[in-house]
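Below you'll find the structure, written out as structure tokens, and then a few comments.
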Amino acid sequence: MNLPISLVIARRYAKASKDGKFVGLISLFSQAGITLGVMALIIVISVMDGFEGLLKDRILGGVPHIVITTNDDDQTIDISDIEKLVKTSMPETQAQIIQQLPLVQSTAIMQLPENFKGLLVQGLSDSNNIPLGLSNAMQTGQWSSLMDVKYGIVISRFMAYDNGLAIGDNVRLILSGASHYTPLGRLPAQRNFKIVGLFATESELDQQLVFTRSQDLNRLLKKQPQSLQGVRLVLSDPFNAKAIESELRKLMPQSNYKISSWHDTHGKLFDAVKMEKNMMWIMLSLIVAVAAFNIVSALVMMVTQKQGEVAILKTLGMNAKQIAQIFTLQGCYNGVVGALLGAILGSIVALGINKFMLVTGINLLGVPGMGLPVVYSFEKVVLIALFAIGLAFIASIYPARRAASLAPADVLRYE
């Protein structure tokens, strides 16, 4: 097989650099640096993606992704109108909207055995209108049992444990959205609710959210049992909420409806996670960049060491482009080897870190039985490897141009 002369010479130089000389040592360190940088980047990004996915499943599973309400609080909303409106949207948007549920909710204060707690009460009209993110969150009891009990309530398992509550106990809800006159003056609406189930999302929602029947909540709010405050849309990917919100705004008459998304309530949390992930990308990429630009030192020293051979190759007929290709290929060789080793080692560690922690008993999170959330993406591994190879290529441009610009007469003058 006839290989290009530039590739043949570059391969010989790569083999020659492994003989333990100083140039070969610098080249080895540059490969090792790229390997460690790529490996660390893959591991950290996999964990950060897993953490972001964990937050998305646990928090956004119980939060309305998009809420459509009327501008007039006294005006009721018809869910069939929203269904017709969604059908006029783009097919991609219709595919993203997997549930259209009635929304009834209110802020409230729960009277616990020893204190009071502010929270959000959401009403559920029937067992078919449970948001998909919460359908499997019930730990004790069934969602259907909530619909069979008048003034029943479902609270989080952690809230129950912290306050010594169990199924069958009563808690008092005090609603700020409604009030009535008494001989003692105007008092907020309140009533005892019976605990019929315990749920757990293992997120901050467990301390902020409870559920009851929408008709019971409406009665307490002095509204008709079947009245709605709005319509909540559940998306297959909550991160597409902004784009879908923008499209729905264009279809809806602005004077009748207002639209909001989870970005308005929980956007700052996910923006902070995104910023942290981007900063990790930048900091770990700098490690790869420093290792890649060690190639500059190795290649400059190699050009100095091989300048006599370069001059001879030029006198034998090689042009400047072929000379530049020799040293560019040499630099890319270090990048390719380092990137491939880093990608392999990083993938092995990312996919096996939880098994290693389980075998050794190491727990980095400090929570018994809970491993690191890892989401492995082959596409991102390929992107990171190509990024490292690209940096190695950029680092080899200057030494390659320097070698190509050598004048044979100046180099061989005193030979």
Side-chain angles (χ1 to χ4, degrees), residues 50-65 67 99 101 103-124 127 129-147 149 151-176 192-214 216-217 232 234-235 238 261-273 363 365-373:
F51 179 66
E52 186 179 54
L54 193 65
L55 286 179
K56 181 173 74 171
D57 293 338
R58 292 184 176 180
I59 294 181
L60 298 185
V63 173
H65 299 161
V67 174
Q99 278 186 310
L101 307 177
L103 178 68
V104 179
Q105 65 181 17
S106 175
T107 56
I109 296 176
M110 178 182 287
Q111 184 179 356
L112 298 168
E114 296 182 357
N115 57 14
F116 293 85
K117 185 175 184 62
L119 40 74
L120 180 68
V121 186
Q122 286 190 2
L124 303 176
S127 55
N129 286 329
I130 309 297
L132 291 178
L134 294 170
S135 57
N136 297 321
M138 186 71 80
Q139 300 293 307
T140 305
Q142 301 291 332
W143 287 112
S144 57
S145 61
L146 174 64
M147 305 304 161
V149 179
Y151 293 108
I153 192 170
V154 174
I155 68 173
S156 75
R157 181 183 62 186
F158 302 99
M159 190 184 300
Y161 289 170
D162 290 343
N163 296 278
L165 299 172
I167 290 182
D169 292 343
N170 290 326
V171 293
R172 178 171 289 272
L173 284 184
I174 305 171
L175 269 61
S176 59
N192 284 334
F193 283 75
K194 182 180 180 181
I195 300 175
V196 297
L198 304 176
F199 75 95
T201 64
E202 297 183 356
S203 70
E204 63 180 22
L205 293 181
D206 291 344
Q207 300 295 333
Q208 302 173 357
L209 194 61
V210 296
F211 300 93
T212 186
R213 298 194 308 174
S214 58
D216 295 337
L217 184 57
R232 64 186 291 173
V234 180
L235 309 180
S261 69
W262 63 266
H263 288 276
D264 300 323
T265 55
H266 293 78
K268 292 183 179 179
L269 172 62
F270 285 88
D271 288 342
V273 173
N363 194 330
L365 295 180
V367 180
M370 184 175 180
L372 289 173

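- V210 is not listed as a side-chain neighbour of V154, based on a closest heavy-atom distance of 4.5 Å or more.
- Looking at heavy atoms from C-beta onward, I153 lies out of side-chain contact with D216 at the 4.5 angstrom threshold.
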Please output the side-chain donor-acceptor pairs of residues 168-175 that fall under 3.5 Å, not counting sequence neighbours, one pair per line with the distance.
from	atom 1	to	atom 2	distance (Å)
D169	OD2	A166	N	2.8
R172	NE	N192	OD1	3.3
R172	NH1	Q190	OE1	3.3
R172	NH2	N192	OD1	3.4

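- Expressed to the nearest 0.5 Å, how far CD1 of I167 lies from CD1 of I155 amounts to 9.0 Å.
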Could you walk me through whether L124 and M147 satisfy the side chain to side chain contact (heavy atoms under 4.5 Å, CB included) test, starting with their C-alpha distance in whole Å, then the side-chain angles of each, then the deciding distance to 0.1 Å, before giving a yes or no?
CA-CA 8 Å; L124 303 176; M147 305 304 161; 3.5 Å; yes
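- Note that NE2 of H263 and CG of D271 are 8.0 Å apart. Values are rounded to the nearest 0.5 Å.
- Among all heavy-atom pairs drawn from V121 and A108, the shortest one is CG2-CB, 3.6 Å.
- There is a side-chain donor-acceptor pair under 3.5 Å between Q122 and R232.
- Within a 6.0 Å sphere centred on CD of Q139, heavy atoms belonging to other residues, nucleotides or ligands number more than 12.
- Atom NZ of K194 has 12 or fewer heavy atoms from other residues, nucleotides or ligands within 6.0 Å.
- At a threshold of 4.5 Å between non-hydrogen side-chain atoms, the residues L205 and L120 do not count as touching.
- Not counting sequence neighbours, the partners of F199 by the ring pair (Phe, Tyr, Trp, His ring centres under 6.0 Å) test are F211.
- The CD atom of Q105 lies 9.0 Å from the CG atom of L217; values are rounded to the nearest 0.5 Å.
- Here CG of D206 is found 8.0 Å from CZ of R157. Values are rounded to the nearest 0.5 Å.
- Nearest approach of L134 to W143, heavy atoms of both residues: O-NE1, 3.2 Å.
- At a threshold of 4.5 Å between non-hydrogen side-chain atoms, the residues I130 and M138 do not count as touching.
- Side-chain atoms of L60 and H65, non-hydrogen and from C-beta on, do get closer than 4.5 Å to each other.
- One distance of note links CZ of F193 with CG of L146; it measures 10.0 Å at 0.5 Å rounding.
- Side-chain contact check for D162 versus Q207: some heavy-atom pair is nearer than 4.5 Å.
- Residues that satisfy the ring pair (Phe, Tyr, Trp, His ring centres under 6.0 Å) test with F270, not counting sequence neighbours, are F239, W262.
- At least one donor-acceptor pair closer than 3.5 Å links the side chain of T212 to the backbone N or O of G152.
- Rounded to the nearest 0.5 Å, atoms CG (N163) and CZ (F158) are 13.5 Å apart.
- Within 6.0 Å of CG in N136 there are 12 or fewer heavy atoms belonging to other residues, nucleotides or ligands.
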